[in-house]
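Numbers here are sequence positions counted from 1.
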Amino acid sequence: MTMALDAAARAAGVVLERPGEDAVPVSDAAKRAFVDILGKPPSLPPTGTGPAYVPPWLDTARAFGLALQLYQLRSPRSLGIGDLADLKALVPMLADAGVDFIGLNPLHALFTAAPERASPFSPSDRRRLNPFIIAVDEVPGFHPNMAEMVPVPSMVEEVDYTAAAHAKLTILAKIHQTWRAGDPSVPQDARSAAARYASTCGKAVTDFALFEALSHHMVANGKAAGWTTWPSQYVDRSSAAVRAFAEAHRNEIDFHLWLQHIAETQLAGAHAACHAAGMRIGLYLDLAVGEAPDGASTWADPSLVMRGLRIGAPPDLFSLDGQDWGLAPLSPTALVERDFAPYRAVMDAVMGDAGAMRIDHAMGLERLWLIPDGMTAAEGAYVRQPNLTDEVVAATHAHRALAIGEDLGVVPPGFRERMAARRLFSMRIVAFERGPGGMTPPARYPADALACLSTHDIAPLEAWWRGDEIDLRLTLGRISSRVAEVEHRARLGDKRDILAMAGLPPARASGAIDDAIIVAFHRLGARTASRLFAVRLEDVVGGRRLVNLPGTDREHPNWRRTLPLTVAEIARSPRLAATLAAVREVRGGGR
């Protein structure tokens, strides 16, 4: 029985070999669940061999950029959450400093009816935008007195998503009413552009707007924002009840359609502003690995995902119990049967207004850690995916945009080599780059890569220096005291090694971090042979506020902490100016 079950599981694409020396084998119960859900995968087309698009100038140059979380930006004019106008306010200063790209957290649509579902990596629909990125005061038809209609929440420490959503949606609804009423404050060309968008956007966008209107209706009536717990007559997109709702709520649907038009228009404007200021890449946008199982995408097209499985990560030293991200995996059968068109739509949405795209958990191009319902993350297994690399490569040429794969964590043998062969850039975090002889020298970093000191999943530099995230994981029971002790000792060693490589005395590892260390660390990162280097804004001006602690939800205020400086203060920050100047000097003087 076991041999037959193993054969069936392997045929379904399950990788029975578990990562880690101490890993337990995949249980028979998990194998049966995978076989029942996955079935026999379809025949796959042959893998292509061509490389991805890389701007020709980048073959003979090294560039650098700035990475930030949009929602964290603070200014007097924004309504409790950072927006695209806050971003554009930083563009001239950054461009003058030699920055060639601005990397942003995913801007995918979340759940506007449940704003506290704040993780940008658990989107409702990856093809649509989060309306909260809209700069309300830059929408035609806005009047300053509209901002007096609602209280604006403080965001000194954290984003109050509920209050910010109420403020933004209330004012945007008022602006939308002025558009519908023909108010002369709205230019005719803006009104005409919105009308063209509504008439040509296609079924996928109108389905999303319908979902949003229905989601708000459900929340107003005591239901959840996600469709999996809605009354049965509203679960089916094609039902008579849904059609009747659409007919009776045209204004609300038009509003959510209009929000997408405004968000897309402003995002395109931000990307254009980057280029106009002299940035050669512009916006560098992020692609989440999956979507929420109860969101707009799975409601409108339920056959595209596999029910009964969730995306996550296996146990490791960072999270002893593994991670359950709760995301719905795409169906390999559906993708192949549709000639990968749904995946291409996601690529088009992200690359449409970007010069580069980061692929979250890039190993998902080949395999995903999937968890059967009713089982823990540790009971999951890797499942092979239909080859998505060809689609990414094709999209880079269609949009003339770079693709950078987040290849961190448990990486399959040969995966980085396969990425390199297709010119999908790797990600290299300085503290993680080690070999048999110690830390990897800057000259030995791969050329087709983005080097950095940290990402949103890693503590910002000052918190990393103190080991804050180690202590937090211990407090939350994510690691044992023994592991915490080992990690603190390793962290001290990492600090000494990086200080030595950066040209500073290793003995400073036992003291406090200061501006000289921060600049020296970034200078070291800039010295790497990788064509791209990203300065994470939080590493320079973020203090000790962790963005995200992987594997947690509300145990830590993930995706809520703001930056301690306002946008205006960031633009005047001596530490940021010194850091960018040092990086520019090392990288060859910029443009």
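Closest approach of A356 and I404 over heavy atoms only: CB-CD1, 4.0 Å. Closest of all the heavy-atom pairs between L259 and I134 is O-CD1, 3.6 Å. Annotation for G290 and I311: closest pair CA-CD1, 4.4 Å, computed over non-hydrogen atoms. Between V430 and M439, the shortest heavy-atom contact is O-CE, 3.3 Å. When all heavy atoms of N130 and L110 are compared, the pair lying nearest together is ND2-CD1, 3.9 Å. Shown here for E391 and M347, the closest heavy-atom pair between the two residues is O-CG, 4.5 Å.
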Task: salt bridge (Lys or Arg N to Asp or Glu O under 4.0 Å) between D125 and R127, worked out - done: CA-CA 5 Å; D125 191 328; R127 299 164 300 175; 2.9 Å; yes
TODO: Take R544 and E469, measure what salt bridge (Lys or Arg N to Asp or Glu O under 4.0 Å) needs, and give me the verdict at the end.
DONE: CA-CA 10 Å; R544 299 172 65 180; E469 87 289 2; over 6 Å; no
Open item on the list: Pair T298, W227 - check side chain to side chain donor-acceptor pair (under 3.5 Å), show working.
Closed with: CA-CA 9 Å; T298 59; W227 65 268; 2.9 Å; yes
TODO: Could you go through the side-chain contact (heavy atoms from CB on, under 4.5 Å) check for L402 and M357 one step at a time?
DONE: CA-CA 6 Å; L402 283 158; M357 178 186 70; over 6 Å; no
TODO: I would like to know whether V14 and L370 meet side-chain contact (heavy atoms from CB on, under 4.5 Å); could you show each step before the answer?
DONE: CA-CA 9 Å; V14 180; L370 299 183; over 6 Å; no
TODO: Could you give me the CA-CA distance, side-chain angles and deciding distance for D6 and K31, then say whether side-chain contact (heavy atoms from CB on, under 4.5 Å) is met?
DONE: CA-CA 7 Å; D6 285 357; K31 295 172 191 173; 2.6 Å; yes
Task: salt bridge (Lys or Arg N to Asp or Glu O under 4.0 Å) evaluation trace for D59 with R423 - done: CA-CA 11 Å; D59 280 327; R423 297 208 74 179; 2.9 Å; yes
Open item on the list: Working note: L107 + L104, criterion side-chain contact (heavy atoms from CB on, under 4.5 Å); need CA distance, chi angles, decisive distance, verdict.
Closed with: CA-CA 8 Å; L107 304 181; L104 299 177; 4.1 Å; yes
Open item on the list: Walk me through whether R338 and S303 qualify under side chain to side chain donor-acceptor pair (under 3.5 Å).
Closed with: CA-CA 11 Å; R338 303 188 202 184; S303 66; 2.8 Å; yes
TODO: Decide salt bridge (Lys or Arg N to Asp or Glu O under 4.0 Å) for E433 and R444; before the verdict, give the C-alpha distance in whole Å, the side-chain angles of both, and the deciding distance to 0.1 Å.
DONE: CA-CA 10 Å; E433 290 302 305; R444 294 184 58 188; over 6 Å; no
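For the residue pair R536/S454, the side-chain donor-acceptor check at 3.5 Å is satisfied. Judged purely by distance below 3.5 Å, without hydrogens or angles, the side chains of E212 and S215 never pair a donor atom with an acceptor atom. Looking only at atom types and distance, the side chain of R428 has a donor-acceptor partner in the side chain of S426 under 3.5 Å away. H108 and D286 share no side-chain donor-acceptor pair at under 3.5 Å. R358 and T455 share no donor-acceptor pair across their side chains, judged by distance under 3.5 Å alone. Looking at E462 and W464, their side chains never bring a donor and an acceptor atom within 3.5 Å of each other.
Using the six-membered ring where Trp is involved, H522 and F533 have ring planes that are perpendicular, over 60° apart on the 30 and 60° scheme. Under the 30°/60° scheme for interplanar angles, the aromatic rings of Y284 and F101 are found to stand perpendicular. Note: Y71 and Y161 have tilted aromatic rings, judged against thresholds of 30 and 60 degrees for the angle between ring planes.
The environment of R434 atom CZ is dense: over 12 non-hydrogen atoms of other residues, nucleotides or ligands sit within 6.0 angstrom. Annotation: R307, atom CZ; neighbour count of heavy atoms from other residues, nucleotides and ligands within 6.0 Å is above 12.
The shortest distance between side-chain heavy atoms of R561 and V547 does not fall below 4.5 Å. For the pair L424/V393, a side-chain contact is recorded, criterion being any heavy-atom separation below 4.5 Å from C-beta on. Taking 4.5 Å as the limit, every side-chain heavy atom of F432 sits out of range of all side-chain heavy atoms of T440. Residues I470 and L472 form no side-chain contact, since every pair of their non-hydrogen atoms from C-beta on lies 4.5 Å or further apart. Counting heavy atoms from C-beta outward, I429 and L453 have side chains that stay 4.5 Å or more apart. Looking at R560 and E116, their side chains come closer than 4.5 Å, going by heavy atoms from C-beta outward. A heavy-atom distance below 4.5 Å is found between the side chains of V392 and L365. Here the side chains of T376 and D324 are not in contact, with every heavy-atom distance at 4.5 Å or above.
In this structure, R587 forms no cation-pi arrangement with F64, as its terminal cationic atom is not both closer than 6.0 Å to the ring centre and no more than 45° off the ring axis.
Rounded to the nearest 0.5 angstrom, R126 CZ and D360 CG are separated by 10.0 Å. One distance of note links OG of S530 with CG of D448; it measures 9.0 Å at 0.5 Å rounding. The distance from the NE2 atom of H271 to the CD atom of Q266 is 16.0 Å, given to the nearest 0.5 Å. Atom CG of L94 sits about 11.0 Å away from atom CG of D100, to the nearest 0.5 Å. Between L309 atom CG and I37 atom CD1 the span is 4.0 Å, to the nearest 0.5 Å. Interatomic distance, D407 CG to M419 CE, rounded to the nearest 0.5 Å: 4.5 Å.
For A8, the side-chain contact (heavy atoms from CB on, under 4.5 Å) partners two or more places apart in sequence, or in a different chain, are V35.
Partner E538 forms a side-chain hydrogen bond (donor to acceptor under 3.5 Å, both in side chains) with one of Q72, R545, Q69 and no other, that one being Q72.
Taking the six-membered ring for Trp and the full ring otherwise, the centers of F121 and H456 sit less than 6.0 Å from each other.
Ion pairing between D468 and R491 fails under the 4.0 Å rule for side-chain N and carboxylate O.
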